[in-house]
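Remarks on the structure that follows.
Computed over heavy atoms, backbone and side chain alike; hydrogens, waters and symmetry mates excluded. In the text below, chain A, chain B and the rest are named by the order of the sequence lines, each starting its count at 1.
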Number of protein chains: 2
Amino acid sequence: MSATRARFAVRMRLYIDDVVAIGPGKVDLLEEIAETGSIAEAARHMGMSYKRAWTLVKTMNTAFAGPLVASETGGKGGGGAELTPLGQRILATYRQAEAAATKASAPHVRALKKALK
Amino acid sequence: MSATRARFAVRMRLYIDDVVAIGPGKVDLLEEIAETGSIAEAARHMGMSYKRAWTLVKTMNTAFAGPLVASETGGKGGGGAELTPLGQRILATYRQAEAAATKASAPHVRALKKALK
DNA sequence: CCGCGTTATGTTTCGTCGGAAATAACGAAA
DNA sequence: TTTCGTTATTTCCGACGAAACATAACGCGG
């Protein structure tokens, strides 16, 4: 028991050859892109630069069997982006893995928190 | 299926006020200290500087209700360090949480890996 | 009482990652 | 054909964190 803020975070990353194919930040970005239909808008929402968002998308798209994000330039609103079916599957599966891991570790985590100052 | 190396990593961290009380690196260090009886030796084994190892230990010791590592200077061999009972408990509990999380997420992780290039 | 290996800690140097800015292309709509 | 907001990409620069380096203290054993 304390007045301080104790957080616990389970973070899972899938690596391929030392590059992160998918991880916490990338999944959040996927989610935001799905909601906004735009990489730029998603980046704004997440408080990151467009360049960073774009870099993450590129990494994901090249790491998997196919792109997770499909984008197009020009047109109404200047263009946009959306998740591919694969992207949707990856997103959902990752969230499931995350939820399962968090739930399974919960009892032990509680024990750890009790040992905090 | 691919010739490349795909790794999956579940990393859990317990934060207190924006500092990591315990995490993957710190736990590994605890384990190494328990085995070697020395912070310096543990650091060598892990390929990190003594300074870094010491910093990690200090953080852990101050974040929890009591120190996880007890150390002494001078004496035979120059000194040494060992885990306190609390340190042993934290180590064990963390590993349990880790194992539970890994096991619970395994099926989903398999699915993710199949989608890799 | 001197040397040795360790704990303990401060200072400074350096590499890397991300942000900022600049530029181009694109295509629909006005 | 001009405007507009997006995707796409490069170059440059600063901040942050880790590594490197430098000391000091400690206490047993020879």
query = Is the backbone of A:V20 close enough, under 3.5 Å, to the side chain of A:K26 for a donor and an acceptor to pair up by distance?
reply = yes

query = How is B:E72 classified with respect to the nucleic acid when contacts are heavy atoms under 4.0 Å: base, sugar-phosphate, or nothing?
reply = sugar-phosphate

request  = Measure the shortest side-chain to side-chain distance between B:I22 and B:L30 over non-hydrogen atoms and say whether it is less than 4.5 angstrom.
outcome  = yes

Phosphate contact (D:dA8 OP1 or OP2) by A:S71 side-chain N/O below 4.0 Å = yes

inquiry  = Return the CE to CD distance between B:M48 and B:E32, rounded to the nearest 0.5 Å.
reply    = 9.0 Å

key: A:G66 backbone acceptor or donor facing B:K117 side chain under 3.5 Å   = no

Any B:W54 side-chain N or O less than 4.0 Å from OP1/OP2 of C:dA8 = yes

task = Five pairs at each end of the helix from C:dC1-D:dG30 to C:dA30-D:dT1: take the axis at both ends and give me the angle between them to 10°.
result = 10°

task = Would you tell me if any nitrogen or oxygen in the side chain of A:S38 comes within less than 4.0 Å of OP1 or OP2 on D:dG5?
result = no

key: Side-chain donor or acceptor of A:T84 paired with backbone N/O of A:P67 under 3.5 Å   = yes

query = When the distance from CD1 of A:I39 to C1' of D:dG5 is rounded to whole Å, what number comes out?
reply = 13 Å

task = Could you tell me the separation between the CE atom of B:M60 and the P atom of C:dA8, rounded to a whole number of Å?
result = 13 Å

request  = Measure the distance from CG on A:L56 to P on C:dG19 and round it to the nearest whole Å.
outcome  = 9 Å

remark   = When rounded to whole Å, the CD1 to C1' distance for the pair B:I33 and C:dT6 reads 13 Å

ask   = Do B:Y50 side-chain atoms and B:E41 backbone N/O form a donor-acceptor pair below 3.5 Å?
value = no

message = If I take atom NZ in residue A:K26 and atom C1' in nucleotide C:dG18, what distance separates them, rounded to the nearest angstrom?
response = 14 Å

message = For B:G80, is there any backbone N or O sitting under 3.5 Å from a side-chain donor or acceptor partner on B:S71?
response = no

note = 5' to 3', nucleotides 12-30 of chain D under a 4.0 Å protein heavy-atom cut-off (B base, S sugar-phosphate only, - none) gives -------SB-----BBS--

task = Using modelled atom types only, decide if a donor and an acceptor are shared between the side chain of A:Y94 and the backbone of A:M12 within a distance under 3.5 Å.
result = yes

task = To the nearest 0.5 Å, tell me how far A:L56 CG sits from A:I33 CD1.
result = 9.0 Å

